[in-house]
Amino acid sequence: MRPLRTFLAVYLSKQERGPVLLNKSRYVSRRCMILERVRVRFAPSPTGYLHVGGARTALFNWLFARHHGGDFILRIEDTDQVRSTEESVQAILDGMSWLGLDWDEGPGKDGGYGPYFQTGRLDLYKKYAQELLDAGRAYYCYCTPEELDERRKKMQEAGEAPRYDQRCLHLTEEEAEKYRAEGRKPVIRFKAKNSGKTIVDDLVRGKVVFDNEVIDDFVIFKSDGMPTYNFAVVVDDYLMKISHVIRGEDHLSNTPKQIQIYEALGWEVPKFAHISMILGPDRTRLSKRHGATSVMQYKADGYLPEAMVNYLALLGWSYNATDNLFTKDQLVEYFSLDGVSKNPAVFDLAKLQWMNGVYIREASLDRLVELMKPYLLDAGYITEELSQPEEERLRGIVAEMQTRLKTLDEIVELTTYFFKDVEEYEEKALKNLKKEYVPELLERLADIFSTLEPFNQETVEKEFKKLQEEYDLKLGKLIHPVRAALTGRTVSPGIYDTIVLIGQEEVVKRLRAGAQKAKELLAE
RNA sequence: GCCCCCAUCGUCUAGAGGCCUAGGACACCGCCCUUUCACGGCGGCGGCAGCGGUUCGAAUCCGCUUGGGGGUACCA
């Protein structure tokens, strides 16, 4: 691979574009790798929400498909009858839509390779299981889970690798009949090859060699009549003409089993790419213990989908040494399996937050206002229907907040004083009020503002400058107490903006209340 | 236990034997801008897990150790 790539890169750079772009393998993929149509799939099991790990896998598949102009297929692996739910299916679909990962084939979108729910494909699995049975590559097994458990335990205690002992491999018809009479429901086991090696040729990891001795006769059909994952995935990927299986590293160890099934059925194996796990800050697998893992929870927490996509793309993939911010189009253009790294990646909320802030700053004001409304509504700051002036004012407030937010939900905490009376003053704000000159100053300002016409940024600022000269104070000495009186805090947008946005009447009221508060403080 | 994967700043990563005195981003710290906060600008802190090889030369190749992750189900 390497020599060819190096050669190609150098050759092509000489041929068509100067010496710059030899780091990424777009040439390779364009020129010699992809001859068949690219078809990839994301195949979640509907047993919960779309979590960030799954979302990242989906994203990588989606990017790969879009980059190569191939097909992205969504397949629901719902053979676990106990844990699969409809709500989960919906949750996964919602998550995908929010991230903008549209599928070419899948639920609600037939592409000729359906059905796209595994429970709808039972006949297919049965057919190929029968084929294996007929070929002597599979057999019925009547051992109960309890018996298996016990034997497994014993083997482990004896220091052996726990593998199935093949005791049902050569069952006579009488023995089988006896078991059936006992009411036992059989499973079907695959008769694995137990000598030699099975090699997974992985696009991310290179050749990974497994000794066939470690592969036992695993179950391909459960006693409830459902296929197991390792079997169904092979049948589906083959029938759906999947060209590249891009999935989490947790599937790497199971891959040799699947390869053996491909071989037993005489099918060509697809290309594999196993991407590393996402870990929590403590370097264990990311889970709820580490915070939100559901993609839709991030939506609720005020993250933008483009930030999520950008961040997820960077977890285990990079384009070059310097760039971090990518639009979705750029991701599609630049994405390559060569940029995928082998090491597991720790999910870093701080970086996601930073990136979200970047995208909030880039978002249009119109969009931002709409995004904010649910949070403000929920906080009781605004009502469902807004008048024209209210809408205008909201725009102004959101505009002020745009550079100050990392997540949308922070709007609630940061804008309280625009919507609610000042009931409490922060300790530091109290300090700013507790000055001899403050009561008089605030009263003066209240008087001035009560009749100021028009009441806007320029006129307000002018009055501040006048007062500043009159009192011969540094501007800050005026501004800090005013901010304290109007917001109860020491932090707000620029004071003139803040004043105008709070509104004339309310400002006058709060200035007087602030003056009163200052007097009380001084009297203490 | 057995099998497999992985190992560069705290985190994500660049790095394909000399371009490395190891680059970027986030985080953190400092300075500038400034009415506070944020944004923005500038700067700083900080890393090749360890040990052995191979080589004139190793972050890069090999081995071992250590550490982390995954698998080993009638879950997917």
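For clarity, every value in this text was computed on a predicted model and none was experimentally measured. The figures that follow rest on heavy atoms only: side chains count, while hydrogens, waters and symmetry mates do not. Residue numbering restarts at 1 for every chain, and letters A, B, ... go by the order of the sequence lines.
Between B:rG46 and B:rC29, the two P atoms lie 16 Å apart (nearest whole Å). Distance noted for atom P between B:rG68 and B:rC12: 16 Å (whole Å). Rounded to a whole angstrom, the distance from the P atom of B:rC9 to that of B:rA59 is 15 Å. Distance noted for atom P between B:rG10 and B:rC48: 8 Å (whole Å). B:rG23 and B:rA14 have their C1' atoms separated by 6 Å, given to the nearest Å. A gap of 15 Å separates the C1' atoms of B:rC45 and B:rC31, to the nearest Å. To the nearest whole angstrom, the two P atoms, one in B:rG52 and one in B:rU11, are 26 Å apart. The gap from the P atom of B:rG53 to that of B:rU60 amounts to 14 Å, rounded to the nearest Å.
In this structure, a donor-acceptor pair under 3.5 Å is present between the side chains of A:Thr284 and A:Asp282. Checking A:Tyr359 against A:Asn310 by side-chain atom types alone, a donor-acceptor pair falls below 3.5 Å. Judged by distance alone, the side chains of A:Ser276 and A:Asn343 never bring a donor and an acceptor atom under 3.5 Å apart. Using a 3.5 Å distance cut-off with no hydrogens or angles, the side chains of A:Thr255 and A:Arg247 do pair a donor with an acceptor. Neither side chain, A:Gln118 nor A:Asp78, offers a donor N or O lying under 3.5 Å from an acceptor on the other.
At the heavy-atom level, A:His251 lies under 4.0 Å from base atoms of the strands shown. Backbone-only contact: A:Thr79 has heavy atoms under 4.0 Å from sugar-phosphate atoms and none from a base. Using a 4.0 Å heavy-atom criterion, one finds that A:Val219 contacts the sugar-phosphate atoms exclusively. At the heavy-atom level, A:Val482 lies nowhere under 4.0 Å from the strands shown. No engagement by A:Pro256 is indicated, since no non-hydrogen atom pair under 4.0 Å with the nucleic acid exists. Residue contacts for A:Thr228: at a heavy-atom cut-off of 4.0 Å it reaches the sugar-phosphate backbone alone, with no base atom in range. Among the atoms of the strands shown, only primed sugar atoms or phosphate atoms (P, OP1, OP2) are found under 4.0 Å from some heavy atom of A:Arg361. Using a 4.0 Å heavy-atom cutoff across all strands shown, A:Asn254 reaches at least one base atom of the nucleic acid. Counting any heavy atom pair closer than 4.0 Å across all strands shown, A:Gly248 reaches no nucleic acid atom. When heavy atoms are screened at a 4.0 angstrom cut-off, A:Leu252 is found touching the sugar-phosphate backbone but no base atom. Looking at heavy-atom distances under 4.0 Å, A:Ser253 makes contact with a base. As judged by a 4.0 angstrom heavy-atom cut-off over every strand, A:Tyr496 is placed among the base-contacting residues. If you check every strand for non-hydrogen atoms under 4.0 Å, A:Ser341 touches sugar and phosphate atoms only. Residue-level contact check: A:Ser492 touches the bases, meaning some heavy atom is under 4.0 Å from a base atom.
Across the protein-nucleic acid pair, A:Asp149 atom CG and B:rA73 atom C1' stand 9 Å apart, rounded to whole Å. In this structure, A:Gln258 atom CD and B:rU72 atom P are separated by 11 Å, rounded to whole Å. What separates CZ of A:Phe347 from P of B:rG69 is a distance of 19 Å, to the nearest Å. Regarding A:Leu352, its CG atom lies at a distance of 12 Å from the P atom of B:rA27, rounded to whole Å.
If you check B:rA76, B:rU11, B:rC3 against the side chain of A:Arg283, the one that comes closest is B:rU11. Nearest nucleotide to the side chain of A:Glu77, out of B:rA76, B:rU35, B:rC12: B:rA76. Taking the side chain of A:Arg285 as heavy atoms from C-beta on, and the options B:rG70, B:rA76, B:rG24, the nearest nucleotide is B:rG70. Each of B:rU72, B:rC12, B:rA27 was ranked by its minimum atom distance to the side chain of A:Pro162; first place goes to B:rU72. When distances run from any side-chain atom of A:Ala345 to the nucleotides B:rC12, B:rA76, B:rA27, the shortest one goes to B:rC12. Relative to the side chain of A:Met277, the nucleotides B:rG69, B:rC4, B:rC12 differ in distance, and B:rG69 lies closest.
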One pair to check against side chain to side chain donor-acceptor pair (under 3.5 Å): A:Arg489 and A:Thr416. What are the steps and the verdict? CA-CA 10 Å; A:Arg489 306 184 184 183; A:Thr416 317; 3.0 Å; yes

Stepwise ring pair (Phe, Tyr, Trp, His ring centres under 6.0 Å) check, A:Tyr496 with A:Phe464: CA-CA 9 Å; A:Tyr496 312 127; A:Phe464 262 84; 5.4 Å; yes

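Look at A:Ser318 and you'll find a side-chain N or O under 4.0 angstrom from OP1 or OP2 of B:rA14. Of the side-chain N and O atoms in A:Lys222, one or more sit less than 4.0 angstrom from OP1 or OP2 of B:rC75.
Checked options A:Phe190, A:Tyr229, A:Tyr164; the residue passing with A:Phe218 is A:Phe190 (criterion: ring pair (Phe, Tyr, Trp, His ring centres under 6.0 Å)).
Within 3.5 Å, a donor on the side chain of A:Arg483 pairs with an acceptor on the base of B:rU35, or the reverse.
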Polar pairs (N or O, both sides) under 3.5 Å between protein and nucleotides 6-10 of chain B?
unit_1 : atom_1 : unit_2   : atom_2 : d
B:rU8  : OP2    : A:Asn343 : ND2    : 3.3

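Mapping A:His480 and A:Lys207 onto RNA chain B by nearest heavy atom places A:Lys207 at the nucleotide closer to the 5' end. Each of A:Arg163 and A:Phe210 was assigned the nucleotide of RNA chain B with the nearest heavy atom; the assignment lying further toward the 5' end belongs to A:Phe210.
Remark: aromatic rings of A:Phe347 and A:Tyr311 are close, center separation under 6.0 Å.
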